[in-house]
Amino acid sequence: MIKANDSNRKSWISVPKNSDFPIQNIPFGVFKKANKEICLGTRIGDTAIDLSQLNRLNYFKGIPLKKDVFEKDNLNEFLKQTKTVWRLVRDRIAEIFDIENQMDALHQKQALHPINTTQMMMPVKVGDYTDFYSSKQHAHNVGCMFRDPKKALLPNWLHMPVAYHGRASSIIPSGTNIHRPAGQQLLEAYNQPVFGPTKLLDFELEMAFITGQGKPLGEHISTSEAENYIFGMCIFNDWSARDLQKWEYVPLGPFLGKNFASSISPWIVTLDALEPFRIAGEVQKPDTLPYLKFRGRKNLDIHLEVKISSEAFKPTLVSRTNSKHLYWNIFQQLTHHSINGCNINAGDIMASGTISGEKPNSYGSLLELTWNGTKPITMPDGTKRKFLNDYDTVHMTACAKAKKYQIGFGEVKTKILPAKKTSFPLNY
Ligand code: MN
C-alpha cells in the first residue's frame, strides 16, 4: 500500500468538492509565482505548494535527496532519482498536509500560493518525444478511411506498439496559444501541391507518460521493470494538420503536419497516484512475442473529454472516452521502445497515440468524429466544424474516479490563432 493513496486521508488545506487535486493526488509541476520566481511544486485543492521552500525548511529530512534537486526550473533532476525517492517525497507531502498535522503560519506564507496567483510552466525539459499509435479503434478508423476497410489494420499492428519519433522542443504547456501552421498541401483537383495555411487543423486526444532515468544505450527495460522507470502521466494534445500530413508522410511518416506544436497538461500525475485505477486491458490476440508479455493489470481507467469553445459559444463536449481503450499498455510501449537497446532518459515523453473508443462520439480526433469531414459537427451557435476554425479553443480533461475522491489532471487548453503572415506567395 502506498501511504499517500490512503483514501480516508484529509488535508488541512481546503479542497473544493470534486477537485481534481485532493490530498490523494499530489502531482508534480513547475509554476511561476506572483513575484515571477519559478519553482517546482505540487498542488492540493486550489493551493500551489513550493517544494524548494519546503526542502529549505527541512520538511524532507531523512529522504536521500540531492541537496539542490528542487532548486531548478524543471523536474528533470528529481526524475533522475529512484522510484523509492519519488515515493518517499510524495508520502512525506501527504503527511505534511494531513489534517492531523499543522504548519507554522510563517512556513505557510513562505511555501503556499493560491493557484490563481501562479502561472503553470513546462514541467520537464523534454529530451525526446515519441508518439505511439496504440488505440486499436483509432488505427482501425484511419485504416477504414484511407485504405481497405477489410484490411484496416496493417500487418504489423497486432504484433508491436507502432510509433514514430516526434519533436520534443515544440511541446508546450496548456494555455500557450498556437498559430494555424502553413505548409504544402496537394490540391487534388489539379494534382498539384500548393502552399498556405492548413485547412484541416485537428487535435488528437492522447495520454502521455514521462520517464525517469532509464538504462544506458545497449540495454533494454523489461515489461516488469518498466514500472520503475515511469514517473507519471499528463494529457497530451498532438496537434495535426491533416492536409500537410497526407501529402508529406509517404514513405517516412509524420513531419511538418505534426511538429509545429503538441500541448500538455502541466501537472504530472504520478503512476503511484494512478495505482488504484489499474484495470485489465483487452486480451491481446494473436499472442505477442515473449518480450511484450506482462503480468497483472496494466491499463488505466481514466475518463477523458474533449470540448471546443469559441468566441460565440462556451466549451461544448465533442468526445468522451477512456484511456482503458488502449490496446498496447504503457509498460509494453516502454519495453518495445528500448528492446533494441535504445536508451531512455529522465524527462522523455511518450504519448499513447489518439485514444478512440468504440462509439462514434468517443473518437479522439475530428478526423474520426467527422469521418474526414463528411459528417460535420454542429456547434451551439449553429456553425459547423469539419476541422478547427481560427479562435477555436480545444479543452481536454482527464480524471480517474474512486468512490471517495477523484484523481484529475486539470486540463490542457489551447486557442488557435490565425496563420502568421508569410513572405511566400500563397497559391492557395
Ligand atoms: Mn498522435
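Every number for a ligand or one of its atoms is a count from 1 in the order of the listing. In what follows, every heavy atom counts, from backbone to side chain, and hydrogens, waters and symmetry copies are set aside.
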Taking the ring centre of each residue, are [X] and [Y] less than 6.0 Å apart?
X: Y327; Y: W157; value: yes
X: Y249; Y: F255; value: no
X: F60; Y: F70; value: yes

Of all the N, O or S atoms in [X], which has the shortest distance to the Mn ion (ligand 1)?
X: E204; result: OE1
X: D238; result: OD2
X: D131; result: OD2
X: E206; result: OE2

Check this for me: does any side-chain nitrogen of one of D91 and R87 sit under 4.0 Å from a carboxylate oxygen of the other?
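Judged by the 4.0 Å cut-off on N to carboxylate O distance, D91 and R87 do not form a salt bridge.
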
